[in-house]
Amino acid sequence: MKTNNIKVPSPKEIEKEIGEFLAKKFGGTVKIVPPIMMHDLDFDNKIEEPPKKVKKINFDLKPEELVAYLDQYIAKQDDAKAILSTKICTHFNRIKYSEEASDIVGQIKNNIIMIGPTGVGKTYMVKLIAKKIGVPFVKADATKFSETGYVGGDVEDLIRELVREADGDIQAAQYGIIYLDEIDKIASSRNLIGSDISRTGVQRALLKPMEETDVDLKVPHDPISMFQEIERFRKTGERDKRTVNTKNILFIMSGAFVDIHKIIKDRLSKQKIGFGAQIQTYQDTTEFLKFIKTEDLVEFGFESEFVGRLPVRTVFERLSEKDLYDILVNPNNPIILSKKIDFSSYGINIKFDDNALSLLAKKAYSENTGARGLVSTIESALILFEKTLPSTNVKKFFVDASMISSPKEVLQELLKAYDTKEYLSRYNELALREKISVKKHIYSNKHLYAERFKLNLTPQRIDSVVNYYCDNITDIEKAFRKIKFYYDESKRMEEVFLSQFDLDIYFDDDTIDFLIEQFINNLMNFESIYKKISDKFVLGLRLISDKTNKNSFLITKEAFINPDEFLNQLIKQELSDKELRDKEEKNDRDI
């Protein structure tokens, strides 16, 4: 066969012809992706780059510190707080230690299973811990996953999601936390014959990630993942296999485990007669959960290998009516803060009377859904006011018990009296009570906040935190962060003047507290303070420095209130002090 006269088309010509064909057949909806030229890349002789430096985990939190942090947000659950705080701190501190020492072969990871009724704070506690520690965190419902290879979410997607949460930082993702809720829903049905892929299959699929395995970030048969790999190769010329090792990823699982108390009760009843008689006195079925064992979880429907990879167990208590009330009065609780945001979005400030919170807690307790009942109860109680008040001139709104008991009648009265002296006086009274309550909370945790934010908590500084919290919709920690930011801004002023004017000015606590108040009330900012000091004081302070050789000056609160008088007094005082020092030196020489 002769082929001398056959012209072989170039890659560009082939690409053009295929592109024209696709355009005619499909319009502009289908296009050809340009090929990646690889002929000039020699992978066999590629120079190996030095290994990347492994990022070390920076963790020094101690269990009691984490417990104290959780106490600011979560009511009750003392045992759960202690167990989670201890084992999580141990987990991350052990990682840090292992980076500096040789690993022990076969060491066991502190994966945790949390057991307790709905609405007792399981998810909230884990989220708070992840936020405090500052590691990537992923939450998912166990029911959404199936065994790899079947229809449904792949459990390895959780690992990939950690990388996304870590902004692509694989090293950071390998120190993350994966939280699986509703884990009790993947317990196998004990009467089922055959493979239960949505239950037992998920348990088996989780076994390796819960211990240690490498998970490929590239999802098989996923076009997006394939395109990402092509794009990475185009940019770097590398075809590296990106994997995540799960050795240090902590798995935390939780579930309500409805009816497991029956399994525990049956087991206990078969034991000694005396103990069997004792368990009959338990009124709350959750009391049995404290006696849970591995065999109970296996009988409930879990594989023994799966349970074995969850060595740490903690049981959450059912919340009482008082516990629900304590949640509502906690200044950090997201339920009341969320409601404040709802009304504030319409320009309405809302305050809650203590009796109203007691009634809301009572109603929520009757729903038997824990803290979740608080949300639905408050929404139901205030929906009429949230619907009506935005269309009125009401800007200050307080909630008392009567509004919850008789919302329609009270709404009519409110629309008539919202601008009266009596109504506004009652609102201001509740606003004052709120400040007193927040201040009491801060003083009871003063040492904790002072240590956390590295801040000397003067009375004025605490008042600033209280005022910022009450005037803005935020939690206590964010209010402290804001005050700390203003404090740092004030101290930064000292550094600026030393570097720019060679003047060592400094502020005492009273002055800094004054500046913080100016910042909070938008009366001053860094630029205006800088301008005021430079305009009013630099020449005068330099004059004093030239005359007295002094270069360190205290700028008091009075300096900002009446700068001219402050500077005149300072000049007189410093010159007088110099004259006195000169006189003493002369007398010493004469002697």
Atom pairs and distances, donor-acceptor, side-chain atoms in residues 252-261, under 3.5 Å, two or more places apart:
from   : atom 1 : to     : atom 2 : distance (Å)
Ser254 : OG     : Tyr179 : OH     : 2.5
Ser254 : OG     : Asp181 : OD1    : 2.8

Original post:
Excluding sequence neighbours, so at least two apart, what forms side chain to side chain donor-acceptor pair (under 3.5 Å) with Ser320?
Top reply: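 Residues passing side chain to side chain donor-acceptor pair (under 3.5 Å) with Ser320: Asp323.
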Original post:
Can you list the residues that meet the side chain to side chain donor-acceptor pair (under 3.5 Å) rule with Glu305, with sequence neighbours excluded?
Top reply: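 Partners of Glu305 under the side chain to side chain donor-acceptor pair (under 3.5 Å) test: none.
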Do the charged groups of [X] and [Y] touch, with an N to O distance under 4.0 Å?
| X | Y | answer |
| --- | --- | --- |
| Asp463 | Lys435 | no |
| Lys363 | Glu367 | no |
| Lys208 | Glu211 | no |
| Lys262 | Asp266 | no |
| Asp296 | Arg267 | yes |
| Asp475 | Lys478 | no |

Sub-3.5 Å donor-acceptor pair from the side chain of [X] to the main-chain atoms of [Y], do we have one?
| X | Y | value |
| --- | --- | --- |
| Gln203 | Ile186 | yes |
| Ser269 | Lys265 | yes |
| Gln174 | Lys247 | no |
| Ser380 | Ser376 | no |
| Lys87 | Asn111 | no |
| Asp79 | Thr314 | no |
| Asn330 | Asn332 | yes |
| Ser358 | Asp354 | yes |
| Asp400 | Ala356 | no |
| Asn248 | Tyr175 | no |

Can you give each donor-acceptor pair under 3.5 Å made by side-chain atoms of residues 446-458, sequence neighbours left out, with the distance rounded to 0.1 Å?
from   : atom 1 : to     : atom 2 : distance (Å)
His447 : NE2    : Glu451 : OE1    : 3.3
Tyr449 : OH     : His441 : NE2    : 3.0
Arg452 : NH1    : Glu477 : OE1    : 3.0
Lys454 : NZ     : Glu451 : O      : 3.3
Asn456 : ND2    : Asp509 : OD2    : 2.9
Thr458 : OG1    : Arg461 : N      : 3.1
Thr458 : OG1    : Asp513 : OD2    : 2.8

Donor-acceptor contacts, no H, no angles, side chain residues 334-343, under 3.5 Å, sequence neighbours left out:
from   : atom 1 : to     : atom 2 : distance (Å)
Lys339 : NZ     : Asp342 : OD2    : 2.9
Lys339 : NZ     : Glu379 : OE1    : 3.1
Lys339 : NZ     : Glu379 : OE2    : 2.9
Lys339 : NZ     : Glu386 : OE1    : 2.9
Lys340 : NZ     : Glu434 : OE2    : 2.5

Original post:
Are Phe385 and Phe397 close enough that their ring centers fall under 6.0 Å?
Top reply: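 Close enough - the centres of the two rings lie under 6.0 Å apart.
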Counting C-beta onward and ignoring hydrogens, is there a side-chain heavy-atom pair between [X] and [Y] closer than 4.5 Å?
| X | Y | result |
| --- | --- | --- |
| Asp488 | Lys484 | yes |
| Ser437 | Val329 | no |
| Lys290 | Glu287 | yes |

Among side-chain atoms of [X] and [Y], is any donor-acceptor pair under 3.5 angstrom?
| X | Y | value |
| --- | --- | --- |
| Thr377 | Arg372 | no |
| Asn349 | Lys395 | no |
| Asn472 | Thr474 | no |

Original post:
Under the side-chain hydrogen bond (donor to acceptor under 3.5 Å, both in side chains) criterion, do Asp141 and Thr143 qualify, and how do the steps go?
Top reply: CA-CA 5 Å; Asp141 291 338; Thr143 53; 5.0 Å; no
Subject >> Intermediate values then yes/no, side-chain hydrogen bond (donor to acceptor under 3.5 Å, both in side chains), Arg313 and Thr294 >> reply: CA-CA 10 Å; Arg313 296 171 199 155; Thr294 297; 2.4 Å; yes
Original post:
Which is it for Asp60 and Lys62 under the salt bridge (Lys or Arg N to Asp or Glu O under 4.0 Å) test, yes or no, and what are the steps along the way?
Top reply: CA-CA 6 Å; Asp60 58 1; Lys62 296 177 177 61; over 6 Å; no
**OP:** Grab the two heavy atoms, one from Ala361 and one from Leu328, that are nearest each other, plus how far apart they are.
**Re:**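 Nearest pair, atom of Ala361 first, then Leu328: N-CD1, 4.1 Å.
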**OP:** Can you tell me which residue pairs pass the side-chain hydrogen bond (donor to acceptor under 3.5 Å, both in side chains) test with a partner in residues 411-428, sequence neighbours excluded?
**Re:**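 side-chain hydrogen bond (donor to acceptor under 3.5 Å, both in side chains) check on residues 411-428 returns Asp353-Arg426.
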